[in-house]
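Fair warning: this is a prediction, and the values are worked out from it, not measured in the lab. Lettering follows sequence order; numbering is per chain, from 1. Below, each value reflects all heavy atoms present in this structure, side chains not excepted, and no hydrogens, waters or symmetry copies.
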Protein chains: 2
Amino acid sequence: MANSKLLGLHVSPSSGTPIYRQIMDQIQRLVASKSLAIGDELPSVRILAEQHAINPMTVSKAYSALEVQGVLTRLRGKGMVVAKNKDSQLDLSQRLAQLDSTLEMLSLEAGQLNISDEQMMSYIEKFLKFHARKN
Amino acid sequence: MANSKLLGLHVSPSSGTPIYRQIMDQIQRLVASKSLAIGDELPSVRILAEQHAINPMTVSKAYSALEVQGVLTRLRGKGMVVAKNKDSQLDLSQRLAQLDSTLEMLSLEAGQLNISDEQMMSYIEKFLKFHARKN
DNA sequence: ATTACTGTATTAATTGAATAATACACTTGA
DNA sequence: TCAAGTGTATTATTCAATTAATACAGTAAT
């Protein structure tokens with residue numbers, strides 16, 4: 001379609017987590033934060049596949065699963081749009097909770113590396129300052 | 001063997017990352033932080049496999065790879081011990097750097113969830129306070 | 001010597017994920 | 001009407017990871 005936002009997805013085939021899951025998770029987050037609003041069109045499976053050098057069917061698998069979850073709606077012959085479903089839009093506390101699994105991982109790693117919470121906090125601060133994004 | 005520390009490894013078959021890699025990564029961290037000292041014995045492949053309901057060959061694959069990397073040494077007929085190799089022992093700044101890939105992931109997720117650095121920092125603080133470990 | 005441990009080599013089978021190449025039904029603008 | 005665009009079903013193939021069931025050579029204590 002003509003109008004579809006640049007999603008800026010990060011897809012890494014060697015990352016361990018399946019590609020279709022990476023796509024699902026990231027689109028879900030963009031919808032949760034309303035970076036993708038209800039009705040917004042998504043890039044076609046072929047476009048997205050070419051952008052990330054992956055197979056269109058892999059993108060389709062992600063889109064289909066998101067449709068089952070009620071996050072996307074399929075418009076036959078047109079494409080996928082963000083579903084009219086406010087359950088997919090999360091408030092701040094719900095979105096923060098989505099960081100938990102990664103924080104569990106971070107905490108496990110730090111523990112095994114014998115890094116204290118204080119040392120970790122100050123390092124994260126430095127890290128974020130260096131990898132600054134625009135808020 | 002009789003003497004082998006409880007490693008407290010966290011193995012999740014459904015985690016996406018291969019089981020043998022999960023084991024490798026965690027043992028490498030324990031050695032880096034000297035939680036496992038040079039000469040320390042590791043649990044036998046059969047014991048570790050039973051503890052986590054996985055296959056002994058999967059553990060063996062992790063051990064072999066760590067031997068190739070110089071982290072472990074195989075004592076034939078006895079078992080695996082931490083190799084006499086100070087390169088595996090990392091100072092604090094090197095250990096902190098090992099958190100980078102998980103921090104990249106955290107930062108990506110937060111960005112897509114439209115969570116600011118400040119909001120994330122204060123949430124992490126709460127999270128760590130709640131999931132307190134002993135430092 | 002026997003027993004009970006080590007790690008590992010081997011072979012076979014299974015599973016999940018991804019790719020590739022078509023094909024089809026649908027929509028829409030020219 | 002036609003051409004170009006949607007997502008998807010289908011079939012076959014490839015690949016990595018894991019499991020399973022043995023088997024073997026080495027060590028060490030009884």
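Heavy atoms of other residues, nucleotides or ligands lying less than 6.0 angstrom from CD of A:E50 number 12 at most.
Taking only side-chain nitrogens and oxygens, A:S64 never comes nearer than 4.0 Å to OP1 or OP2 of D:dG7.
Straight-line distance from the CG atom of A:N55 to the P atom of D:dT8: 13 Å, rounded to whole Å. What separates NZ of B:K61 from C1' of C:dT10 is a distance of 15 Å, to the nearest Å. Straight-line distance from the OH atom of B:Y20 to the C1' atom of D:dT18: 11 Å, rounded to whole Å. Atom CD of A:E41 is separated from atom P of C:dT27 by 16 Å (rounded to the nearest Å). What separates CD1 of A:I23 from C1' of C:dA18 is a distance of 11 Å, to the nearest Å. Rounding to whole angstrom units, CD1 of residue B:I19 and P of D:dA17 are separated by 11 Å. As rounded to whole Å, 12 Å separates atom C1' of D:dG7 from atom CG of A:L72. One can place CE of B:M57 at 16 Å from P of D:dC24, the figure rounded to the nearest angstrom.
The side chain of A:R76 approaches C:dC26 more closely than any other nucleotide in the set D:dT8, C:dC26, D:dT6. Nearest nucleotide to the A:K78 side chain, out of C:dT28, C:dC26, D:dG7: C:dT28. The side chain of A:S60 sits closest to D:dT8 out of D:dA28, D:dT8, D:dT6. Side-chain atoms of B:P18 lie closest to D:dT18 of the nucleotides D:dT18, D:dT19, C:dT8.
Within 4.0 Å of B:L75, counting heavy atoms only, lies no atom of the nucleic acid at all.
Looking only at distances, a side-chain donor or acceptor of B:S33 sits under 3.5 Å from a matching main-chain atom of A:Q112. Looking only at distances, a side-chain donor or acceptor of B:Q26 sits under 3.5 Å from a matching main-chain atom of B:Q22. Within the 3.5 Å criterion, the main-chain N or O of B:S60 finds a donor-acceptor partner in the side chain of B:S64.
Taking the six-membered ring where the residue is Trp, A:F127 and A:Y123 present tilted rings, their angle falling between 30° and 60°.
DNA chain C is contacted by both A:T58 and B:R46; B:R46 maps to the nucleotide lying nearer its 5′ end (nearest heavy atom per residue).
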